[in-house]
Amino acid sequence: MRKFRLILCSLVAALLVGCGTTTKVPITGRKQTLMVSDGDVLSLSSQQYQQYMQSAKASTNTQNSAMVKRVGQRLSQAVESYLSANGYASELSNYSWEFNLVQDQQVNAWCMPGGKIVVYEGLLPVTQDEASLAIVLGHEIAHAVAKHSAERLSNEYKNQYGTAILGAVLQGAGVSEGTQQLIALGQSLGGELWTSGFSRKQESEADHMGLVFAAMAGYDPSVAISFWQRMAAQGSGSGGLFSDHPSDAKRIQDIQKWLPEAQKYYTAGTSTKTSAKAKTTKSSAKTTKSSTGTPKTVGTLHISSKK
């Protein structure tokens with residue numbers, strides 16, 4: 001009997017894995033098996049997002065709201081460029097980025113699948129500048145890119161409905177039964193699926209990816225250290241930003257480990273801008289000399305980059 005149960009469990013596990021799709025997370029390369037489609041996840045999250053936005057109060061601070069959107073758009077553009085250049089171009093259709101600042105004094109931010117990101121006003125006194133805000137938004141974007149909500153939903157799906165899936169398969173009605181179970185699971189988890197409950201592994205992965213994303217967008221990733229030190233002073237280790245996150249000390253330690261990798265992207269972006277600046281200046285100087293016959297000081301091309 002025990003042997004039969006082991007065989008049955010193995011069969012259920014095999015069916016669950018076989019029905020899933022194995023993907024690789026950008027930046028970290030971690031493999032994950034997803035039991036739900038992008039379309040299902042986006043549909044469920046969109047419903048929850050619309051419900052939230054109908055009840056939320058948008059910030060009346062136009063300057064801060066514009067800053068959140070500006071930093072978010074800069075990050076999302078850099079991330080999409082990276083995905084396009086690294087074999088993930090087919091994923092771009094899953095994103096419809098939105099960055100909203102709402103009236104809430106919690107030190108918090110969250111992201112739904114598809115790139116729906118909400119920042120609470122209470123977070124801005126801790127970020128203090130755009131570069132630190134980019135660290136937070138990079139983290140949130142990473143949750144979407146790494147499909148952490150879909151991964152959590154898949155794990156819940158496997159845990160709660162393994163036996164039911166097996167029965168459905170044996171009865172030859174796996175597809176319709178599985179779809180019904182997915183809908184029921186999404187409804188039972190509700191908004192909590194999207195706004196909290198990420199595992200420490202996922203939070204750590206989002207830290208890693210977010211650091212790199214911020215650097216890609218031209219923000220100095222080293223500000224993450226001082227930001228998390230300020231978060232530690234807020235007592236973030238006991239709740240608030242990023243549910244189930246690692247301790248602040250562990251987070252800072254990991255960020256220090258990832259900084260050399262992120263700095264390469266930041267330095268590369270800076271070097272490209274500097275080279276373009278030097279090339280343009282040299283060309284302008286040559287043209288001026290040619291037309292007048294006398295060398296003189298000419299204007300240089302400055303590429304503004306708020307950090």
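FYI, side chains are in, hydrogens and waters are out, and symmetry mates aren't considered; it's all heavy atoms of this structure.
Here the side chains of Ile27 and Met216 are in contact, with some heavy-atom distance below 4.5 Å. Residues Gln263 and Ser222 meet the side-chain proximity criterion, which asks for heavy atoms closer than 4.5 Å. A heavy-atom distance below 4.5 Å is not found between the side chains of Phe213 and Leu137.
For Gln51, the side-chain contact (heavy atoms from CB on, under 4.5 Å) partners two or more places apart in sequence, or in a different chain, are Gln48. The salt bridge (Lys or Arg N to Asp or Glu O under 4.0 Å) search around Lys250 returns Asp254, not counting sequence neighbours. For the side-chain contact (heavy atoms from CB on, under 4.5 Å) test, residues two or more places apart in sequence or in another chain that qualify with Ala262 are Leu211, Val212, Ala215, Pro221.
Judged by distance alone, the side chains of Ser132 and Asp129 do bring a donor and an acceptor atom under 3.5 Å apart. Between the side chains of Asn100 and Tyr52, no donor-acceptor pair is found at a separation under 3.5 Å. Using modelled atom types and a 3.5 Å distance limit, the side chains of Asp207 and Ser204 yield no donor-acceptor pair. Under the 3.5 Å distance criterion, with hydrogens and angles disregarded, a donor-acceptor pair is assigned to the side chains of His139 and Glu203.
Considering every non-hydrogen atom in both Ala134 and Leu75, the closest pair reads O-CD1, 3.7 Å. Contact detail for Ile135 and Ala214: the closest heavy-atom pair is CD1-CB, 3.9 Å. The two residues Met112 and Ser45 come nearest to each other via the heavy atoms SD-O, 3.4 Å. Across every non-hydrogen atom of Ala109 and Val136, the tightest pair is CB-CG1, 4.0 Å. Here the closest non-hydrogen pair linking Arg74 and Ala217 is NE-O, 2.7 Å. Residue Ala131 comes nearest to Tyr219 through the heavy atom pair CA-CD2, 3.7 Å, listed as atom of the first residue, atom of the second, then distance.
Under the salt bridge (charged side-chain N to carboxylate O under 4.0 Å, His left out) criterion, the residue pairs touching residues 81-94 are Glu91-Lys147, with sequence neighbours excluded. Counting only residues at least two apart or in different chains, salt bridge (charged side-chain N to carboxylate O under 4.0 Å, His left out) contacts with residues 42-58 are absent.
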Would you be so kind as to tabulate the donor-acceptor pairs closer than 3.5 Å made by side chains of residues 113-125, with sequence neighbours excluded?
residue	atom	partner	partner atom	Å
Lys116	NZ	Ser96	O	2.9
Lys116	NZ	Glu98	OE2	3.1
Tyr120	OH	Trp110	NE1	2.9
Glu121	OE2	Ser59	OG	2.5

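Remark: Thr21 OG1 to Leu34 CG distance equals 7.0 Å, nearest 0.5 Å. Taking OH of Tyr95 as the start and OG of Ser93 as the end, the distance is 9.0 Å to the nearest 0.5 Å. Expressed to the nearest 0.5 Å, how far CD of Gln32 lies from NZ of Lys201 amounts to 10.5 Å. In this structure, the separation between CD on Glu130 and CE on Met67 is 6.0 Å, given to the nearest 0.5 Å. Here the CD1-CZ distance, from Ile225 to Arg251, works out to 12.0 Å after rounding to the nearest 0.5 Å.
Note on Leu42 and Val36: separate hydrophobic clusters, where clusters join Ile, Leu, Val, Met, Phe, Trp and Tyr whose side-chain heavy atoms are under 4.5 Å apart, directly or indirectly.
Within the 3.5 Å criterion, the main-chain N or O of Tyr82 finds a donor-acceptor partner in the side chain of Asn86. Between the Arg30 side chain and the Lys24 main chain, no donor and acceptor come within less than 3.5 Å of each other. Listed for the Ser46 side chain is no donor-acceptor partner under 3.5 Å among the backbone atoms of Ser43. A distance-only check finds a donor-acceptor pair linking the side chain of Glu140 to the backbone of Cys111 [under 3.5 Å]. Between the side chain of Ser154 and the backbone N or O of Met35, at least one donor-acceptor pair lies under 3.5 Å.
Considering Ile252, Ile255, Thr127, Leu133 in turn, Thr127 is the only one that fulfils the side-chain contact (heavy atoms from CB on, under 4.5 Å) rule with Phe227. For the side-chain contact (heavy atoms from CB on, under 4.5 Å) criterion with Val25, the lone passing option out of His208, Lys31, Met209 is Met209. When each of Glu151, Arg152, His148 is paired with Gln202, the side chain to side chain donor-acceptor pair (under 3.5 Å) condition holds for Glu151 and for no other.
Judged by the 6.0 Å distance and 45° axis criteria, Arg70 is not positioned over the aromatic ring of Phe99.
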